There are 2 protein chains.
Amino acid sequence: MNPERCKVDEALGILVGKWKPIILLHLFNEGTQRFSELKRLMPDITQKMLTKQLRELEEEDIIDRVIYPQIPPKVEYSISEYGKSLQPVLDIMHEWGTAHTNHMQKKRNSQNASNAL
Amino acid sequence: MNPERCKVDEALGILVGKWKPIILLHLFNEGTQRFSELKRLMPDITQKMLTKQLRELEEEDIIDRVIYPQIPPKVEYSISEYGKSLQPVLDIMHEWGTAHTNHMQKKRNSQNASNAL
DNA sequence: CAGAATCCCTACGGATACTG
DNA sequence: CAGTATCCGTAGGGATTCTG
């Protein structure tokens with residue numbers, strides 16, 4: 001694989017954004033969710049950011065957005081068929097991330113131990 | 001998996017940074033490299049950025065940094081034993097990224113086709 | 001050679017207020 | 001309910017200069 005053809009950045013581009021992984025996690029776990037339900041699942045996100053990140057994921061075909069023309073409005077979000085192809089990517093990243101957390105924890109512990117001498 | 005335990009962000013944190021994936025790619029492909037060799041492989045990166053990203057990767061134990069105390073200085077970088085565990089993560093991200101590039105390309109093509117009607 | 005230091009600019013993200 | 005619109009602070013990244 002030569003540098004020009006490295007597509008890691010493409011995958012990275014989809015996932016970066018402070019809230020995207022957690023949004024995807026909720027949609028994968030909980031299935032279809034309304035805007036307000038997602039907001040309730042993530043109390044710390046602002047409406048602006050939730051909207052923006054959802055739009056970006058939609059733009060990349062990862063999620064579907066269904067608008068029910070009614071009052072009050074109702075909009076449902078879900079992982080698209082295509083978006084499901086992200087599952088293994090997220091899985092392996094989560095797996096490695098978990099291991100890495102442990103690795104760095106041990107590192108700090110051993111550093112503290114030697115500092116304590 | 002509950003949101004509190006989602007560690008995708010941990011993995012993401014290692015890889016984000018405009019140059020990290022490409023730096024890792026070179027170290028995985030070319031093996032041990034000096035600072036100046038990496039700079040030559042990535043003409044567009046500034047010394048400041050190269051230094052910074054290498055330091056961050058070192059901080060996370062992903063790469064080893066070996067200093068040869070001589071004049072002129074010589075510093076070699078390489079993927080650490082632990083860092084090799086990132087390989088499958090990068091592989092699957094590259095694979096998905098490649099597929100995604102094709103997916104979006106086709107999407108744009110079909111959009112252009114319908115616009116041309 | 002391998003950096004450190006400085007300055008600068010933009011994009012990301014947060015807070016708040018408004019609307020069909 | 002599901003968004004816009006606006007303002008604003010910070011961090012990431014780039015250009016340039018200096019140094020052991």
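Throughout, a chain's letter reflects where its sequence line sits, starting with A, and its residues are numbered from 1. Since the model is a prediction, treat every value here as computed from it, not as a measurement. Excluded from the calculations below are hydrogen atoms, water molecules and symmetry mates; all remaining heavy atoms, backbone and side chain alike, are included.
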> Going by the side chain to side chain donor-acceptor pair (under 3.5 Å) test, which pairs reach into residues 62-71 of chain B, not counting sequence neighbours?
Replying inline: B:Arg65-B:Tyr77, B:Tyr68-B:Glu76

Does [X] have a side-chain nitrogen or oxygen under 4.0 Å from the phosphate oxygens OP1 or OP2 of [N]?
| X | N | value |
| --- | --- | --- |
| B:Ser36 | C:dA2 | yes |
| B:Arg55 | C:dA4 | yes |
| A:Arg65 | D:dG3 | yes |
| B:Lys18 | D:dG14 | yes |
| B:Arg34 | C:dC1 | no |

Could you tell me how far apart [X] ([atom1]) and [N] ([atom2]) are, to the nearest whole angstrom?
| X | N | atom1 | atom2 | answer |
| --- | --- | --- | --- | --- |
| A:Lys48 | D:dG9 | NZ | P | 14 Å |
| B:Lys52 | C:dT6 | NZ | P | 16 Å |
| A:Leu50 | D:dA5 | CG | P | 17 Å |
| B:Met49 | D:dG13 | CE | P | 6 Å |
| A:Glu76 | D:dC1 | CD | P | 14 Å |
| B:Ile67 | D:dG20 | CD1 | C1' | 13 Å |
| B:Lys39 | D:dG14 | NZ | P | 11 Å |
| B:Ile71 | D:dG20 | CD1 | P | 11 Å |

> Atom NE2 of A:His103 and atom CG of B:Asp61: how far apart are they, to the nearest 0.5 Å?
Replying inline: 3.5 Å

> How long is the span from the CZ atom in A:Phe35 to the CG atom in A:Leu54, to the nearest 0.5 Å?
Replying inline: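 Nearest 0.5 Å value for the CZ-CG distance: 6.5 Å.
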
> Can a salt bridge be assigned to the pair A:Lys20 and A:Glu56 using a cut-off of 4.0 Å between side-chain N and carboxylate O?
Replying inline: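 Yes, this pair counts.
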
>> Before you tell me yes or no, could you show the steps for B:Thr32 and B:Ile79 under side chain to side chain contact (heavy atoms under 4.5 Å, CB included), namely the whole-Å CA-CA distance, both residues' side-chain angles and the distance that decides it to 0.1 Å?
In response: CA-CA 8 Å; B:Thr32 301; B:Ile79 303 289; over 6 Å; no

>> Using a 4.0 Å heavy-atom cut-off, does A:Gln53 contact any base of the nucleic acid, only the sugar-phosphate backbone, or nothing at all?
In response: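 Answer is sugar-phosphate: A:Gln53 comes under 4.0 Å of backbone atoms only.
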
> Within the structure shown, what part of the strands sits under 4.0 Å from B:Tyr77 by heavy-atom distance: base, sugar-phosphate, or nothing?
Replying inline: sugar-phosphate

> A:Arg108: what forms a side-chain contact (heavy atoms from CB on, under 4.5 Å) with it, not counting sequence neighbours?
Replying inline: A:Met104

>> Closest-nucleotide mapping onto DNA chain C: is A:Pro72 or A:Glu56 further toward the 5' terminus? I mean the 5' end.
In response: A:Glu56

> In degrees rounded to 10°, what angle is found between the helical axes fit to the five outermost pairs at each end of the helix from C:dC1-D:dG20 to C:dG20-D:dC1?
Replying inline: 50°

> Just by distance, with hydrogens left out, do A:His100 and B:Glu60 show a side-chain donor and acceptor under 3.5 Å apart?
Replying inline: yes

> If you check every side-chain atom of B:Gln47, which of C:dG3, D:dC1, D:dT4 has the closest atom?
Replying inline: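 The answer is C:dG3, which lies nearest to the side chain.
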
